[in-house]
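Heads up: the structure comes next, in structure tokens.
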Number of protein chains: 2
Amino acid sequence: MERQEALVQAAYDLLAERGFEGLRTRDIAARVGVNIATLHYYYPTKEKLIRGVVGYAMERFRTTLQPAGSPGEQVRAHFAGIRRLARTEPKLFVVMGELAMRGRRDRAIAAIVRDVDNTWQKVLSALLRQAAKEGAIANPAKADDLAALIVATLKGLFMLPTEGRDPKEVDRQLRALERLIA
Amino acid sequence: MERQEALVQAAYDLLAERGFEGLRTRDIAARVGVNIATLHYYYPTKEKLIRGVVGYAMERFRTTLQPAGSPGEQVRAHFAGIRRLARTEPKLFVVMGELAMRGRRDRAIAAIVRDVDNTWQKVLSALLRQAAKEGAIANPAKADDLAALIVATLKGLFMLPTEGRDPKEVDRQLRALERLIA
DNA sequence: CTTTCCATCAATCAGATGATTGAATGGTAC
DNA sequence: GTACCATTCAATCATCTGATTGATGGAAAG
């Protein structure tokens with residue numbers, strides 16, 4: 001793997017493990033097996049490297065938003081997709097949580113997070129409208145608000161820590177959500 | 001105000017402003033107008049001071065969970081209470097978000113956060129059952145799961161950043177939530 | 001008045017941390 | 001072979017950061 005990618009990947013992993021609070025350039029370089037000066041050769045500042053991580057994480061998440069499956073099942077498929085992603089790439093949600101929190105104090109990151117949020121919400125809103133048209137769910141008076149609500153719920157379920165909890169609980173809660181919508 | 005309280009209060013404020021990432025003992029002492037050694041006189045370590053902040057924040061939140069209002073309106077009143085709290089004490093939700101994230105790497109904090117979560121969830125679950133009994137809402141098949149879902153939603157709405165967003169959006173989403181439940 | 005204890009401060013320490021410097025290494029063009 | 005460029009490293013810097021030390025002033029106790 002290219003140095004540049006390897007550094008972003010290592011920073012991504014360490015961010016998931018220790019949060020921004022415990023993210024150290026030395027540790028990132030060490031994980032790649034490289035001198036700190038080499039890290040600074042590719043990324044002049046820690047800040048620039050973090051931007052790289054943001055891009056990597058957001059791109060990764062955005063590509064999973066694309067709807068798939070038979071039309072009437074797409075809402076359900078969307079939930080299933082998120083649940084699967086949480087299982088196969090738990091780091092991604094940890095990093096997204098960290099980025100969301102950091103967005104409070106970093107305008108640039110806030111803008112990126114907001115953008116991904118909006119995309120997510122719009123995708124979901126379109127899915128809801130389509131599902132309603134096909135009678136799969138009740139016609140939501142305000143699909144946009146409902147979609148935003150669902151996004152907030154999924155963020156609460158996956159981006160905030162649930163360690164020490166039975167994973168089946170999350171499953172049950174997701175089913176409760178699907179029941180509410182239908 | 002007593003030194004000890006003043007230190008916890010300052011740490012709480014600074015935690016809300018800068019997050020764990022930017023929390024410095026020097027700044028805390030300076031905000032109280034006191035020498036660092038004085039801070040360490042009352043709290044031997046930064047960790048101990050943080051425990052103080054955790055207790056302060058959680059107590060503050062727990063006291064707002066107590067149900068109030070006429071029986072059939074309590075669920076709605078609960079939402080209104082949370083919304084009001086978010087308006088009058090935005091710091092509290094920022095701090096709770098920080099604590100939730102830190103809980104991922106700090107077992108002691110994780111246990112406390114989980115405990116408050118469970119309390120919240122149980123209060124809400126009882127309210128839902130009671131509201132159903134009075135016919136105010138449809139009988140929820142699984143009140144516990146529904147309550148946990150609602151808690152996750154409220155956390156997603158209030159503990160994760162929404163800066164740069166129209167506050168009316170949150171209002172609309174809360175109404176959408178009430179509509180779903182009823 | 002002297003002793004004792006509490007609270008506070010200035011000064012300082014040791015280790016961590018982001019960043020820089022100058023030299024070595026190896027490959028490519030001429 | 002020599003000049004040039006990209007890449008990497010060991011060593012070092014300046015600053016930050018949590019924590020400690022020894023001294024000082026004042027109130028309470030005897």
Side-chain angles (χ1 to χ4, degrees), chain A residues 1-57 94-95 98-99 101-109, chain B residues 1-57 94-95 98-99 101-109:
Chain A
M1 188 162 30
E2 288 306 314
R3 276 284 122 94
Q4 221 155 330
E5 298 173 43
L7 285 167
V8 167
Q9 176 74 49
Y12 172 87
D13 290 348
L14 280 170
L15 179 57
E17 287 170 30
R18 309 183 189 172
F20 275 107
E21 197 191 346
L23 189 63
R24 300 288 171 262
T25 53
R26 274 173 169 76
D27 298 340
I28 297 168
R31 182 158 294 200
V32 177
V34 117
N35 191 281
I36 306 191
T38 302
L39 182 151
H40 278 101
Y41 175 75
Y42 290 104
Y43 297 94
T45 68
K46 187 184 182 183
E47 220 22 58
K48 290 256 172 64
L49 177 55
I50 288 176
R51 299 302 154 93
V53 173
V54 173
Y56 175 76
V94 179
V95 169
E98 289 289 337
L99 292 179
M101 294 300 279
R102 181 165 242 245
R104 224 190 280 277
R105 288 135 199 142
D106 183 326
R107 305 184 68 78
I109 289 186
Chain B
M1 184 162 32
E2 287 306 313
R3 276 284 123 95
Q4 221 154 332
E5 299 172 44
L7 285 166
V8 166
Q9 177 72 51
Y12 171 87
D13 289 347
L14 279 169
L15 179 56
E17 287 171 29
R18 308 182 190 174
F20 275 107
E21 198 190 345
L23 187 64
R24 300 288 174 260
T25 53
R26 274 174 169 74
D27 297 340
I28 297 169
R31 182 159 294 199
V32 177
V34 114
N35 191 281
I36 307 191
T38 302
L39 182 151
H40 279 100
Y41 175 75
Y42 290 103
Y43 296 94
T45 68
K46 186 183 181 184
E47 219 25 56
K48 291 254 171 63
L49 177 56
I50 288 176
R51 298 301 154 94
V53 173
V54 174
Y56 175 77
V94 180
V95 169
E98 289 287 338
L99 292 179
M101 294 299 280
R102 180 167 243 245
R104 226 190 278 275
R105 288 133 199 146
D106 182 327
R107 305 183 69 75
I109 289 185

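From a predicted model like this one, the values you see are computed outputs, not experimental measurements. Proteins come first, then strands; the chains are lettered A, B, ... in the order of their sequence lines, and each starts at number 1. When reading the values below, keep in mind they use all heavy atoms of this one structure, side chains included, and skip hydrogens, waters and symmetry mates.
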Provide, to the nearest angstrom, the distance between the [atom1] atom belonging to [X] and the [atom2] atom belonging to [N].
X        : N       : atom1 : atom2 : answer
Arg26(A) : dT15(D) : CZ    : C1'   : 12 Å
Glu21(A) : dA16(C) : CD    : P     : 16 Å
Gln4(B)  : dC6(C)  : CD    : P     : 14 Å
Leu39(A) : dT7(D)  : CG    : P     : 14 Å
Asn35(B) : dG22(D) : CG    : P     : 16 Å
Leu14(A) : dT17(C) : CG    : P     : 12 Å
Ile36(B) : dT8(C)  : CD1   : P     : 15 Å

For the student: nearest non-hydrogen atoms of [X] and [Y], plus distance:
X         : Y        : result
Arg102(B) : Ile50(B) : NH1-CD1, 4.2 Å
Arg3(B)   : Val32(B) : NE-CG1, 4.2 Å
Ala57(A)  : Val95(A) : CB-CG1, 3.8 Å
Ile109(A) : Leu99(A) : CG2-O, 3.6 Å

Check the phosphate of [N] against [X], side-chain N and O only, distance under 4.0 Å to OP1 or OP2. Yes or no?
X        : N       : value
Arg24(A) : dT17(C) : yes
Thr25(A) : dG18(C) : yes
Arg3(A)  : dA6(D)  : no

Below 4.0 angstrom, which residues in residues 41-51 of chain A have at least one non-hydrogen atom near DNA chain D?
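The answer is Tyr41(A), Tyr42(A).
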Nearest-nucleotide pick for [X], side chain only, options being [options]:
X        : options                   : answer
Thr38(B) : dA19(D), dC9(D), dT8(C)   : dT8(C)
His40(A) : dA10(D), dA19(D), dT20(C) : dT20(C)
Ala37(B) : dA10(C), dA19(D), dC9(D)  : dA10(C)

Practice prompt. Quick one: list whatever passes side chain to side chain contact (heavy atoms under 4.5 Å, CB included) with Arg18(B), sequence neighbours left out.
Written response: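 So Arg18(B) forms a side chain to side chain contact (heavy atoms under 4.5 Å, CB included) with Leu14(B), Asp27(B), Arg31(B).
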| message | Taking any heavy-atom pair under 4.0 Å as a contact, classify Ile28(A): base, sugar-phosphate, or nothing. | response |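 Answer is nothing: Ile28(A) stays at 4.0 Å or more from every strand.
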So, are Arg105(B) and Glu21(A) salt-bridged, with charged N and O less than 4.0 Å apart?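 No, this pair does not count.
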Worksheet item: Any luck finding a side-chain donor-acceptor pair between Tyr56(A) and Glu5(A) under 3.5 Å?
Response: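 Looking only at side-chain atoms, Glu5(A) and Tyr56(A) do not form any donor-acceptor pair under 3.5 Å.
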